[in-house]
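To start, the structure under review is shown below, and the notes come after it.
In each ligand, atom 1 is the first atom listed, and ligand 1 is the first ligand listed.
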Amino acid sequence: MRRPIIAGNWKLNTCSESGPALVAALKAEVPAPSDKVEVVVCPPYPYLGLVAAAAAGSGVEVGGQNAWHETSGAFTGEVACEMLQDVGCKWVVLGHSERRQINGESDELINSKVRKALDVGLKVILCVGELLEDREGDRTEAVLKTQMTGGLVDVSAEQMAEVVIAYEPVWAIGTGKVASDEQAEEAHKFLRGWLEGRFNGDVAGATRILYGGSVKPDNANGLLGQPNVDGALVGGASLKAELFIPIIQAGVASVS
Ligand code: PEP
């Protein structure tokens, strides 16, 4: 069984008060690590330590929204994977579409970050997903293939135990336009098949593939109930406990 992951990407939101308060509310739902669901929150860098302290001992784990692929040096504004670990992160999100689009991150750069994160022992949520024009031009699978191939260069089958894929169709992120259950399942199935070809059946069978893009309490059960959907990466709805908790519950229900 693939244990579902419900991950919250807080993006450029929360503050030193609201971040820990949000975690305190989530702890009521997952007071201790659970074998039914893994819950991850990804606050902005300045609040990572505070949020990690608030989450300590509970079923809420903490991740960075990005990282740099060098340990130290003249990289103004960047944060190293080791620094994320130092303040209590177990996870890092890499290749988010906002970083690909706004910051121009290439698959090559993302791959450097993936390899660095894995080298230091951080678990990676690698985001992939097509633009609306790609979907309309029937290029979804070609785009996913390019991003998976590029993002996972020189990553071994063993290392894949620490990698989670997040399928996030860009047209569904923050737009309220969610992929249908069938569209999500089709893309996830394609990704699992790609993992089998690139690695092997064991890796394909064990790798968790999350759906991301306007996941809300009212669509979570349908999406998470798909056989190849192993959880969700949630933006907007992760900022309110009353929205995020029902999505966590949908994750638990998807394997019960
Ligand atoms: C995201 O930021 O990864 C995301 C899926 O955002 P939203 O849930 O707001 O669409």
Using a 3.5 Å distance criterion without hydrogens, assess whether the side chain of [X] forms a donor-acceptor pair with backbone atoms of [Y].
X	Y	result
Gln147	Gly129	yes
Arg100	Cys127	yes
Arg99	Asn66	no
Asp134	Leu144	no

Going by distance alone, is a donor N or O of one side chain under 3.5 Å from an acceptor N or O of the other, for Asn228 and Glu185? yes
Are a donor atom and an acceptor atom from the side chains of Tyr211 and Gln183 found within less than 3.5 Å of each other? no
May I ask whether His96 has any heavy atom positioned less than 4.0 angstrom from an atom of ligand 1? yes
Val163 to Thr207 - nearest heavy-atom pair and separation: O-CG2, 3.8 Å
Under-4.0 Å heavy-atom contact with ligand 1, by part of Ala172 that carries it: backbone
Considering only heavy atoms, does Ile173 approach ligand 1 within less than 4.0 Å through its side chain, its backbone, both, or neither? both
Number the atoms of ligand 1 from 1 as they appear, then name those within less than 4.0 Å of a heavy atom of [X], with their elements.
X	answer
Gly212	5 (C)
Gly236	7 (P), 8 (O), 9 (O)
Gly213	5 (C), 10 (O)
Gly174	7 (P), 9 (O), 10 (O)
Asn9	1 (C), 2 (O), 3 (O)

Can you find an N or O of Ser214 that's nearer than 3.5 Å to an N or O of ligand 1? yes
So is there a nitrogen or oxygen of Lys216 less than 3.5 Å from a nitrogen or oxygen in ligand 1? no
Run down the list Lys11, Glu168, Gln65 and name the one with the heavy atom closest to atom 3 (O) of ligand 1. Glu168
With a 4.5 Å heavy-atom cut-off, do Leu239 and Thr14 have their side chains touching? yes
If you scan protein heavy atoms around atom 8 (O) of ligand 1, the nearest is Gly235 N, 2.8 Å
